[in-house]
Number of protein chains: 2
Amino acid sequence: MTIRVLVVDDQTMVRAGFRLLLADEADIDVVAEASTGRDAVTQAARLRPDVILMDIRMPEMDGLEATRRILGSDTTARVLILTTFDLDDYVFEALRAGASGFVLKDDPPEQLLAAVRTIAAGEALLSPTVTRRVIRRFATVRRQAPPAAVADLTPREMEVLRLITRGLSNAEIGRELFISDTTVKTHVTRLLQKLDLRDRAQAIVLAYQTGLFDEA
Amino acid sequence: MTIRVLVVDDQTMVRAGFRLLLADEADIDVVAEASTGRDAVTQAARLRPDVILMDIRMPEMDGLEATRRILGSDTTARVLILTTFDLDDYVFEALRAGASGFVLKDDPPEQLLAAVRTIAAGEALLSPTVTRRVIRRFATVRRQAPPAAVADLTPREMEVLRLITRGLSNAEIGRELFISDTTVKTHVTRLLQKLDLRDRAQAIVLAYQTGLFDEA
DNA sequence: GCCCGCTTCCATCCCCCGGCGGAGCCGCTC
DNA sequence: GAGCGGCTCCGCCGGGGGATGGAAGCGGGC
């Protein structure tokens, strides 16, 4: 079982370099190259590779858009982003697009080989500097401000708050919890004054900004 | 320059194992061990290690809480979570706590060594299975459904929507944009019908679930 | 020039939301 | 048993939100 790889980069020399690097590996086979995002999409559909080494900055269609299209279609391919830049925008857009890995071109070659094998196995791998960015995103963006008052909401009030953050009206919440809408209003009123908020809209904002119901 | 390591695990055998594994490495020095989270916090303050290998499940205080306390204090230490379980809750809580890495106990030993050196260098590293979880979090939780209709909101409507997602009332939005509140209502009405939503609450939910205004 | 879309404003209407006061029930603790 | 806190329900009221219809200026495109 060899890993079938498609190399996508607009620079001929870069493609040649990758091909050389991967040529020595018995379990890896470069089946084709593409020089634009558009080309990558068609090649991916035709050859159905296991792993796609994808550059980001390319003419015609960039690597992010190509990744979205490829992964949006019927495929088992996994995309490994391979770029010179580790800018935030690229990283997070790539992950949102569904890429399985993100390696920088100046990472050591072994790193690239390991990444190809890792994502071919269905796992995922990020370059250390990229990993740091991703973690910082979790550590900062998400824990804005744990609103202490949330702690002394009763279980019922928490439940109501959760449904509010789904966009439900009081009547809908009542049907959901098998209680009357007037009761829901009671809970809402109390919950708002406990959290010192004006209306349900602010409650939704608070919940999302502090990641109250992230898990669900 | 040796990397000074603190090993934290409630099982004696596990600690001994790590000590043995790290003993062979010239650039790594295990300076102490701790068997509880509470112990870890005091040892970290006293010895000021570079890297802390932290188990999660421990008596007295778990590794996540210990991590929070250590990183919350005045320290340059970096925490590498090392556990048997890669449950979602653990992973995301650990990253939020500020851990620099997450390695599983059944990962190959080289992985652990690489992780220690990587995070000592200020970078970050996650086990491939953990990386996959994190990425999926980005790929799914964040891009639930790009609401196509958002594209044909006018600039003004986008602006109003942005302020709605801050929890502002129509009157407040009007003051913010120097227009009357009746005009705001017009924009709101149109924006809601374009997005096929009932009220501003649902608009806020949509915006956050699709990450409309992530960046700001 | 004409039309269309965006933006602004107005009046009117209805309904949901949220505040306020009051009530009964349950289960817990003292 | 008395008391308390949580959950349930009711009525009343005011205000904000959202729908509808109408109007006007302004810009760009045909």
Side-chain angles (χ1 to χ4, degrees), chain A residues 145-210 212-213 215-216, chain B residues 144-210 212-213 216:
Chain A
V150 166
D152 52 50
L153 291 185
T154 70
R156 204 49 159 178
E157 286 162 356
M158 276 297 287
E159 184 72 6
V160 171
L161 177 54
R162 200 177 59 81
L163 294 175
I164 286 178
T165 65
R166 295 278 184 279
L168 273 60
S169 70
N170 288 337
E172 286 167 342
I173 293 174
R175 282 196 291 277
E176 195 77 20
L177 299 180
F178 302 106
I179 59 181
S180 94
D181 58 334
T182 66
T183 306
V184 175
K185 292 173 76 170
T186 305
H187 292 309
V188 171
T189 298
R190 254 196 254 292
L191 153 185
L192 288 178
Q193 73 188 26
K194 278 186 184 176
L195 299 178
D196 193 27
L197 301 172
R198 180 179 48 196
D199 50 37
R200 66 207 295 112
Q202 294 190 340
I204 298 172
V205 173
L206 176 92
Y208 277 100
Q209 286 192 347
T210 61
L212 253 193
F213 302 111
E215 345 300 341
Chain B
Q144 236 121 325
V150 166
D152 52 52
L153 292 185
T154 69
R156 203 52 159 176
E157 285 162 358
M158 277 297 288
E159 185 72 4
V160 170
L161 176 55
R162 198 176 61 81
L163 293 175
I164 287 179
T165 65
R166 294 282 184 277
L168 273 59
S169 70
N170 288 336
E172 288 167 341
I173 294 174
R175 281 195 292 278
E176 194 76 23
L177 299 180
F178 302 106
I179 58 180
S180 93
D181 59 333
T182 65
T183 304
V184 176
K185 290 174 80 167
T186 305
H187 292 311
V188 172
T189 297
R190 254 196 254 293
L191 151 185
L192 289 178
Q193 73 188 26
K194 278 186 184 176
L195 299 178
D196 194 27
L197 301 172
R198 181 181 45 195
D199 50 38
R200 67 205 297 109
Q202 294 190 341
I204 298 172
V205 173
L206 175 91
Y208 276 100
Q209 286 192 346
T210 61
L212 251 193
F213 302 111

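Computed from a prediction, not measured in an experiment: that's the story for all the values here. Below, chains carry the letters A, B, ... as their sequence lines are ordered, and counting in each starts from 1. Hydrogens, waters and symmetry mates play no part in the numbers below; they use all other heavy atoms, side chains included.
Judged by closest nucleotide on DNA chain C, B:Phe178 is the one of B:Phe178 and A:Leu192 placed further toward the 5' end.
Spacing between atom CD of A:Glu172 and atom C1' of C:dC16 amounts to 12 Å, rounded to whole angstrom units. Between the P atom of D:dG17 and the CZ atom of B:Arg190 lies a distance of 18 Å, rounded to the nearest Å. Rounded to an integer number of Å, the gap from B:Gln193 CD to C:dC6 P is 12 Å. The nearest whole Å value for the distance from the CD1 atom in A:Ile173 to the C1' atom in D:dT8 is 16 Å. Atom CZ in B:Arg198 sits about 16 Å away from atom C1' in D:dG16, given to the nearest Å. Distance, B:Leu191 CG to C:dG5 P: 19 Å, rounded to whole Å. Note: NZ (B:Lys185) to P (D:dG15) measures 14 Å, nearest angstrom. Rounded to an integer number of Å, the gap from CG of B:Leu168 to C1' of D:dG17 is 15 Å.
Counting only heavy atoms from C-beta on, A:Ser169 has its side chain closest to C:dC17 among D:dG18, D:dT8, C:dC17. When the nucleotides C:dT7, D:dC9, C:dG19 are ranked by their closest atom to the side chain of B:His187, C:dT7 comes out on top. The B:Ser180 side chain lies nearest to C:dC10 when the options are D:dC10, C:dT8, C:dC10. For A:Thr154, taking side-chain heavy atoms from C-beta onward, the closest of the listed nucleotides D:dC7, D:dC10, D:dG18 is D:dC7. Here the nucleotide nearest the side chain of B:Asp199, chosen from D:dC9, D:dG18, C:dC9, is D:dG18. The side chain of A:Pro155 lies closest to D:dC7, out of D:dG17, C:dT7, D:dC7. Among the nucleotides D:dC9, D:dA19, C:dC9, the one closest to the side chain of A:Ile179 is D:dC9. Each of C:dC10, C:dG18, C:dT8 was ranked by its minimum atom distance to the side chain of A:Thr189; first place goes to C:dG18. Distances were taken from every side-chain heavy atom of A:Asn170 (C-beta onward) to each of C:dG18, C:dT7, D:dG17; the shortest belongs to C:dG18.
Residue A:Thr183 is in base contact, counting any heavy-atom pair closer than 4.0 Å across all strands shown. Here B:Asp181 lies out of heavy-atom contact (under 4.0 Å) with every strand.
Salt-bridge formation is detected for the pair B:Arg198/A:Glu172: a Lys NZ or Arg NE/NH1/NH2 atom is positioned less than 4.0 Å from an Asp or Glu carboxylate oxygen.
The CG atom of B:Leu192 sits 10.5 Å away from the CG atom of B:Leu206 when rounded to the nearest 0.5 Å. Here the straight-line distance linking atom CG of B:Leu191 with atom CD of B:Glu159 works out to 11.5 Å at 0.5 Å rounding. In this structure, the separation between OG1 on B:Thr189 and NZ on B:Lys194 is 12.0 Å, given to the nearest 0.5 Å. Rounded to the nearest 0.5 Å, atoms CG (A:Asn170) and CZ (A:Arg200) are 4.0 Å apart. A distance of 10.0 Å separates OH of A:Tyr208 from CD1 of B:Ile204, quoted to the nearest 0.5 Å.
Using a 4.0 Å cut-off, some side-chain N or O of A:Arg156 falls inside it from OP1 or OP2 of D:dT8. For D:dG18, the OP1/OP2 oxygens have a side-chain nitrogen or oxygen of B:Arg200 closer than 4.0 Å.
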